[in-house]
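Working notes for the structure below.
The figures here come from the full heavy-atom set of this structure, side chains too, leaving out hydrogens, waters and symmetry mates. FYI, the numbering just counts along the sequence from 1.
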Amino acid sequence: MKFSHVLKYNSVPEWREAYINYPLLKKLILAASAAEYHEGYEGGLGLGHPAASANLDEEVGARSPLLASGSSAGGGGGSGGGGLARSLSASLAREGREKEFLEALDAELAKIIRFYLKKEAEISAACEEAGMAVAHAEGIAPPPPEHGADDAGLYAAQRCAFWSQGGRAVAAQRERLKAQLEELFATTSNLANYVETNRTGFRKILKKHDKLVSHPMGGTYLPIVDQKFPESHAATLRRQLEAITELYAIVACNGKAAKAATVLRKQQAEQVSFERSSIWKDMVGQERRGATLHVQDGKELPAEASWLARHRQALLVALSLAVFAGLLSAPVFEDSPEKHNCLALLGFAATLWCTEAIPLFVTSMLVPLLIVVLRVLCDADAHGAPVRLEAKDAAARVFHTMFSQTIMLLLGGFAIAAALSKHFIAKQLAVAILSRVGRRPRDVLLANMLVATFASMWISNVAAPVLCFSLVTPILRTLPTSHPFCKSLVMGIALASNLGGMTSPISSPQNIFAIERMSIGGAPPSWLAWFGVALPVAFLGNLACWGLLLLAYRPGATIKEVRPLKPPEDPLNATQLYVIFVSLATVGAWCFNSLLAPVTGEMGVLAIVPCVAFFGFGVLSKDDFNGFLWNVVMLAMGGLALGEAVASSGLLATISSHISALVAGQSLWAVLAIFCGLVLVGTTFISHTVGAMVILPVVQSVGEAMPGGHARLLVMGAALMCSGAMGLPVSGFPNMNAVALEDSTGVNYVDTGDFLKVGLAGSVAAYGLIVSAGYGLMLAVGF
C-alpha cells in the first residue's frame, strides 16, 4: 500500500492536520522532477539524465513529447554564450526548487516538533494529575524512602484493598479514574505512534526525492530528523506508559500490572478499530463517490432458482396491467368517464407501488403520462359542471402541480441533511452524546436509540440508521453476531429511526405528503405545532420500544459494561459553524412561518435559503446536488400528481362520501382510531411512503366532511402512524437497512423473526400512543 494511503487511514483522526503533509511534499518533488526532465531535453541531457530515466516510472513522463524536435546532437550542439546561459538558468532554477523543497521540509518538521512537545507536556501534566487524584482518594500516607521492601509491599496492599471496596462512592471514583487512565494510555500510545509515523514519512519522502531528483538530500536531512527526535523522547513516553499502567493496576486490577497492561492494550486496540472503521469509512465513501465509479449490485439469481423467482418481475407487471385493463373495462362510473379512468389509473399505480414490480420512482413517472392520456383532469364550466381538460391544458396543469412548495421543502431538507453529513456535524454531535453515556448496556441502548431519533429529525430516517450503524460497528465486532446485545442495538436503532420519521416535517417523505394535504384550503401547519405533537409521541415510543427490547433480549444479563466512545477533540471550524447557523436559522423560520407568511408566502420559499447558502458559497458542491435522493423527489412528484388527478376527477369526493357514510355518527377519536388501524395494517406490508400517497388524500377528504373540520388532525395522525408501522423488514427504510446489516462473514445480525418479536409489539405501542397522547396533543395545538 502506498504510504499516502497508510498515513491517511492509520493516523489519529483528531491529529490529522499535525501529520507530515506528504501529498504536498510529493507534489513538489514531481514538479522538480518534471522541470529537470524538460531541462534535460533542452540542454541535451536526453534520456541519460537521472531525472529523465526516473520520470519514465512516474506520470510526469506521460507529459513529455513523443519525439524531440531535433536530434540529441542538435539539442546539445548549442555552444558558446547560448549554451552557457541555458546552463546558468537551469542551475539557478534547480537551486530555487531545492530551496523551496527544503523550506517545506523545515516547515513540516517544525510543525511536528511543536505538536509533539505540546502533547508531551499535556500528557506529563495529566499523569501528575491522575497520580495526585489517586493518592488523594486513597488518603494513605506512603512509607518513607528509607523503609524496606516490606513496608512498600504493605503500602501497595493497602492501596489495592481501598480500591477493591464495593461502596458507591469508591466505585464512582474508580470508574472515573479508570476512564481517565484509559484515555491517557491511548493518547500516550498514539503519540508514540505519531512520532514513528512521521519519521517514516520523512524517510519515504526523502527516498522518493533522491530517486527522482538529481541532487540527493536524504543523507544530510535524515540525521536532522533523528536529532530532533532522539531516543530520550521514546524513553520518556515508555516511562509515562509504565506509570499509567501501574496506576491502573492499583485502581482496577488489584495490583496486577500484567493484567492492567493487557486490559489497556485491548482498550487501545478497540479504540483504533473504532477510528478506522467508523471515522475513516466516511472518507473512503467520499473518495468512491468522487471517482464516480458505480458498480452494479449484481443480484443475480442462482441457477437453481424456481421458475416463479426467475419471472417474478414479469408476472407482477402482468398482474398490474391486468388490474389496469380490468378496471378500464369494468362498468363503473359509466356516466363519468373521468372518474372511471382515474379509478383505473389509481388501481394500476397502487398495484405497481405495492408490488414494486418496477422501481417506485418509475411508477411515479408513469402517473403524469397516464393522467394526460386518460384525460382525468377536469375544470368547472360557467354553471359549475365538470369539464374534461384537453391534453395540452391537462399537461400544463399536472406539471404545475408536480413542482409545488412541497418539493422545494423537500430539497431544502436534503440540502440541510447533506451539509450536516458532509461536514461531519451530525456524526460529531452523535459521538459527543454517546461518549457521555454510562457503560451499562441498557443505558448505551437507550442513548443509541435517542441519537437515531434525533438524527432522523434532521438528516431523514433514511440516512440516520446508516450513520448510527457505523457508530456501533466497533461494539458489534467485539461480540458474536447472535449476541443479544448486538440484536438489541440493531433493532433499537431501526425502531428508533422509524419513530424519528415522525419528528419533523422533513424527517420522512410521508410527512411531506402530510404537510401538502394539511395545507389545502389554508396555511400549512407550523413546525412548532408539529414538534409539539410528534416529539412527545416519538420520545414515549422510544421508551416503549426500549422496554420491549430489554424484555425480549435482556442484554444486561450477558454483558456487564460497554466501553464508551472517545469524545471528539476537534473544535468546530468556521464552515461547520456556518452550516449550523444557516440550518438553525432556516428551521427557526419554518417554525415561525405564520409570522413570516406576509413576506415569504410559503415554507417552500424559505427552503431556498439553505440551498443558496450552501451551494452558493462552496459548502456543498455540484456532486452533492447530484447526490440528492432524486428518486424520492420523483416519487413525491408522482404522488402529488396522482392526488390532483383523484381530486380533480371527482373520484376522491365519491370515495370519501362512501367512507363518511360508513363512519357517520362516530366520534372524532373513533374515526382516528379506525384510520390509524387501517394505516398500521397497510404500511406494515408496503412502504410508508406509498401508504401515505394512497391513503392521506382519502383521510383528508373524509376529515373535511366531518363536523368540526378536523381534517388536519386525521391527516397528521395517519402520517404519524405510517412511521409507527415497523413490524416487518419491508415496513420502512430503517428496517431494510437493519435486516441487511451483516458481520464480516456475511451473517445477518437480525432477521424477520426479530421484527416479529419486537417490531410488531412496537407498532402496537406506537398505535396506542398516537390515538391517546397524540390525539390529546393534536387537539391542544388546534388541529
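- Side-chain atoms of Asn341 come within 3.5 Å of backbone N or O of Leu374 as a donor-acceptor pair.
- Using a 4.5 Å cut-off on side-chain heavy atoms (C-beta onward), Trp530 and Asn511 make contact.
- Residue Phe403 places its CZ atom among more than 12 non-hydrogen atoms of other residues, nucleotides or ligands, all under 6.0 Å distant.
- Taking SG of Cys611 as the start and CG of Leu606 as the end, the distance is 11.5 Å to the nearest 0.5 Å.
- Remark: the backbone N or O of Met457 is paired with a side-chain donor or acceptor of Ser504 at under 3.5 angstrom.
- In this structure, Arg375 contributes its side chain and Leu389 its backbone to a donor-acceptor pair below 3.5 Å.
- Looking at heavy atoms from C-beta onward, Leu366 lies in side-chain contact with Ile358 at the 4.5 angstrom threshold.
- Met721 contributes atom CE, which lies 11.0 Å from atom CD of Gln510 (distance to the nearest 0.5 angstrom).
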**Q.** Candidate pair Met408 and Val605, rule side chain to side chain contact (heavy atoms under 4.5 Å, CB included), full reasoning
**A.** CA-CA 7 Å; Met408 200 64 232; Val605 176; over 6 Å; no

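- Side chain of Ser329 to main chain of Gly326: a donor-acceptor pair is present (N/O by atom type, distance under 3.5 Å, no hydrogens or angles).
- A donor-acceptor pair under 3.5 Å is absent between the side-chain atoms of Asn735 and the main chain of Gly727, judged by distance alone.
- Residue Phe539 qualifies as open at atom CZ: its count of foreign heavy atoms under 6.0 Å is 12 or below.
- Put simply, the side chain of Met706 reaches to within 4.5 Å of the side chain of Leu714, judged on heavy atoms.
- Met778 places a side-chain heavy atom less than 4.5 Å from the side chain of Leu672.
- Under a 3.5 Å cut-off, the side chain of Asp751 and the backbone N or O of Asp754 do form a donor-acceptor pair.
- Closest approach of Ile515 to Pro505, counting heavy atoms only: CG1-CB, 4.0 Å.
- Of the possible donor and acceptor atoms, one in the side chain of Ser763 sits under 3.5 Å from a partner among the backbone N and O of Met726.
- The backbone N or O of Cys378 sits less than 3.5 Å from a side-chain atom of Arg397, completing a donor-acceptor pair.
- To the nearest 0.5 Å, the span separating CG on Leu769 from SG on Cys676 amounts to 11.5 Å.
- At least one side-chain heavy atom of His710 sits under 4.5 Å from a side-chain heavy atom of Leu779.
- With a 4.5 Å cut-off on side-chain heavy atoms, Leu662 and His658 do not count as touching.
- Remark: the backbone N or O of Asp335 is not paired with any side-chain donor or acceptor of His340 at under 3.5 angstrom.
- Closest approach of Gly774 and Val533 over heavy atoms only: O-CG1, 4.2 Å.
- Distance check, rounded to the nearest 0.5 Å: OG1 of Thr453 to CG of Asn498 gives 9.5 Å.
- Contact record, Ala673 with Val771: CA-CG1, 4.0 Å, taken as the closest heavy-atom pair.
- Proximity of Trp546 to Asn542: side-chain heavy atoms (C-beta onward) are nowhere separated by under 4.5 Å.
- The two residues Arg517 and Pro697 come nearest to each other via the heavy atoms NE-CA, 3.9 Å.
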Q: Applying side chain to side chain contact (heavy atoms under 4.5 Å, CB included), run through Ile659 and Phe675 and close with a yes or a no.
A: CA-CA 11 Å; Ile659 296 178; Phe675 274 127; 4.0 Å; yes

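- Using cut-offs of 30° and 60° on the angle between ring planes, the pair Phe628 and Trp630 is tilted.
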(Q) side chain to side chain contact (heavy atoms under 4.5 Å, CB included) for Leu620 and Phe625? Distances and angles first, verdict last. (A) CA-CA 7 Å; Leu620 295 177; Phe625 185 77; over 6 Å; no

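- Summarising the geometry of Val758 relative to Ala552, their closest heavy-atom pair is CG2-CB, 3.8 Å, with the distance given to 0.1 Å.
- Under the 3.5 Å distance criterion, the side-chain polar atoms of Trp669 are left unmatched by any main-chain donor or acceptor of Ser772.
- Summarising the geometry of Ser456 relative to Ser507, their closest heavy-atom pair is O-CB, 3.1 Å, with the distance given to 0.1 Å.
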Q) Which is it for Phe348 and Leu321 under the side chain to side chain contact (heavy atoms under 4.5 Å, CB included) test, yes or no, and what are the steps along the way? A) CA-CA 7 Å; Phe348 180 53; Leu321 290 173; 3.9 Å; yes

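- The line from OH of Tyr749 to OG of Ser488 is 12.5 Å long, rounded to the nearest 0.5 Å.
- In this structure, CG in Leu370 is found 11.0 Å from SG in Cys342, a value given to the nearest 0.5 Å.
- The side-chain heavy atoms of Phe783 and Val715, taken from C-beta on, include no pair separated by under 4.5 Å.
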